[in-house]
Amino acid sequence: MPILAAVDLGCRLPSGWIWRGITLSLSAGDRAVLTGPSGTGKSLLLRTLCGLDRLGEGHVLFRGESPRGHDAPDFRARVMYVQQQPLLIPGTVQDNLDLPTRFKVHARRESGEGENGGRAGDLLAQIGKPADFLEQRASVLSGGEGQVVGIVRALLLHPDVLLLDEPTAHLDPETTRRVEEVVLEWVGAGDRALLWTSHDPAQVDRVRRGSRIQLGGVA
C-alpha cells in the first residue's frame, strides 16, 4: 500500500485551472520529483497534498485512508511540507529546532535538546555546520542557512513523507550535495517517502528514484 497517493487532483483559481489530472503514488523508499517552470503551481501542489490548501477535485489517500480521518495537525506532521524559506522565530537555531515540541502533536518527537540532543548536532555536522551553529541567532542567518534549519527541523520530527519545496535553492553546490545525502539517507532508513521540487536537472537526476511529475509542460 502506498504511504501517500493522489488521484486526479485539480486546483482551480479565479483565472481557471492551474493544474488538473495529477495522479501520484509514494511508497516506502520512493524519491519522486516535481518539476516545471515558475508559476505552474508546484508549491500549491505540495501544500494541497498536505492539506494546507483545498482541492478543487480529486482525492488524497494516506496509507489507504482519507486524511479526513486524521486530525489535521497530526496529518501535517506525518505528511510534512518544508517551504523554500522556512519560518524562523526570534532566538537561536536551537530555539527554532525545538519550536515544534511546543505543540501537542510533536510532544513525543525529537528536538535538539535532551536525550536526543546529539541528533541535531549530527545532522548539522553532516551538512557541514560547526557545533556552535546551534547558538547562532536566527536573525543573522543567510537564506541558505535558514533552509538548513528547516530541513533539519523536519528530519528530527520523523514524518512519513517529506514534501520539499526547492530545499537547496539558496545553498552553494557543496552544501547542496551534503543536504541531498542527508535527506536520501533519511528516506532510505525506514518506511518513508519523499517528493522533491527542483529546477536543476542535475539535481533531479541525483535525487529521483521513482516518478517525475511535470507541471506546465512535458517531462
Side-chain angles (χ1 to χ4, degrees), residues 31 33-34 38 42-43 46-47 50 52 73-74 76-190 192 194-200 202-204 206-207:
R31 304 178 337 220
V33 297
L34 176 62
S38 298
K42 298 185 298 297
S43 298
L46 296 186
R47 290 176 55 86
C50 69
L52 287 169
D74 178 68
R76 291 170 192 155
R78 295 174 182 274
V79 179
M80 188 172 294
Y81 170 60
V82 180
Q83 62 194 45
Q84 184 176 144
Q85 196 60 56
L87 174 66
L88 300 180
I89 62 169
T92 65
V93 168
Q94 180 80 73
D95 293 331
N96 277 274
L97 294 179
D98 293 337
L99 174 63
T101 62
R102 301 180 187 179
F103 303 98
K104 184 178 179 180
V105 68
H106 296 303
R108 297 181 181 179
R109 295 172 183 261
E110 288 185 281
S111 71
E113 293 183 334
E115 63 180 294
N116 297 309
R119 178 64 175 151
D122 288 345
L123 289 171
L124 290 169
Q126 285 181 260
I127 296 172
K129 297 300 178 185
D132 62 1
F133 183 71
L134 287 169
E135 304 308 316
Q136 287 197 29
R137 308 299 296 181
S139 59
V140 303
L141 297 181
S142 68
E145 289 171 330
Q147 287 191 303
V148 167
V149 173
I151 292 164
V152 170
R153 183 167 60 189
L155 293 175
L156 291 172
L157 298 173
H158 303 298
D160 296 66
V161 177
L162 269 182
L163 308 173
L164 298 179
D165 192 357
E166 295 279 354
T168 62
H170 304 298
L171 296 176
D172 62 81
E174 180 180 352
T175 308
T176 291
R177 294 298 290 269
R178 287 173 176 264
V179 167
E180 291 171 0
E181 290 170 2
V182 165
V183 173
L184 298 187
E185 180 181 332
W186 167 84
V187 78
R192 305 160 181 167
L194 170 70
L195 179 56
W196 185 307
T197 298
S198 179
H199 284 288
D200 180 356
Q203 182 173 69
V204 169
R206 292 193 301 267
V207 168

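What you find for Gln203 and Ser198 is that their closest heavy atoms are OE1-OG, 2.7 Å. When all heavy atoms of Arg76 and Cys50 are compared, the closest pair comes out as CG-O, 3.1 Å. Pro167 and Thr197 get closest at one heavy-atom pair: CD-O, 3.8 Å. Across Pro86 and Gly150, no two heavy atoms sit closer than the pair CG-CA, 3.7 Å. Pairing each heavy atom of Val182 with each of Gln126, the nearest pair is CG2-CB, 3.6 Å. Residues Leu97 and Ala120 share a closest heavy-atom pair of CD1-CB, 3.9 Å.
Considering only heavy atoms from C-beta on, Val161 stays 4.5 Å or farther from Met80 through its side chain. Within the 4.5 Å cutoff, no side-chain heavy atoms of Gln147 are placed close to those of Thr176. Within the 4.5 Å cutoff, the side chain of Leu155 has heavy atoms near those of the Leu162 side chain. Val149 is not listed as a side-chain neighbour of Gln136, based on a closest heavy-atom distance of 4.5 Å or more. No side-chain heavy atom of Val82 sits less than 4.5 Å from a side-chain heavy atom of Leu46. Using a 4.5 Å cut-off on side-chain heavy atoms (C-beta onward), Thr168 and Thr175 make no contact. Counting heavy atoms from C-beta outward, Glu181 and Glu185 have side chains that stay 4.5 Å or more apart. Proximity of Trp186 to Leu123: side-chain heavy atoms (C-beta onward) are nowhere separated by under 4.5 Å.
Rounded to the nearest 0.5 Å, atoms CG (Leu164) and CG (Leu34) are 11.5 Å apart. To the nearest 0.5 angstrom, Leu184 atom CG is 9.5 Å from Arg206 atom CZ. The distance from atom CG of Leu141 to atom CZ of Phe133, rounded to the nearest 0.5 Å, is 5.0 Å. If you take CG on Asp160 and NE2 on His158, they are separated by 11.5 Å, rounding to the nearest 0.5 Å.
Here the side chain of Glu145 pairs a donor or acceptor atom with the backbone of Ser142 at under 3.5 angstrom. Using a distance-only test at 3.5 Å, with no hydrogens or angles considered, no donor-acceptor pair links the side chain of Gln84 to the main chain of His170. Judged by distance alone, with hydrogens and angles left aside, the side-chain atoms of Gln94 form no donor-acceptor pair with the main-chain N or O of Leu134 at under 3.5 Å. At least one donor-acceptor pair closer than 3.5 Å links the side chain of Arg31 to the backbone N or O of Val207. A donor-acceptor pair under 3.5 Å links the side-chain atoms of Glu166 to the main chain of His199, judged by distance alone. Remark: the backbone N or O of Glu135 is not paired with any side-chain donor or acceptor of Asp132 at under 3.5 angstrom. Although no hydrogens or angles enter the test, the distance criterion places a donor-acceptor pair under 3.5 Å between the side chain of Asn96 and the main chain of Ile89.
A salt bridge between Arg177 and Glu180 is present, with a side-chain N of the basic residue lying under 4.0 Å from a carboxylate O of the acidic one.
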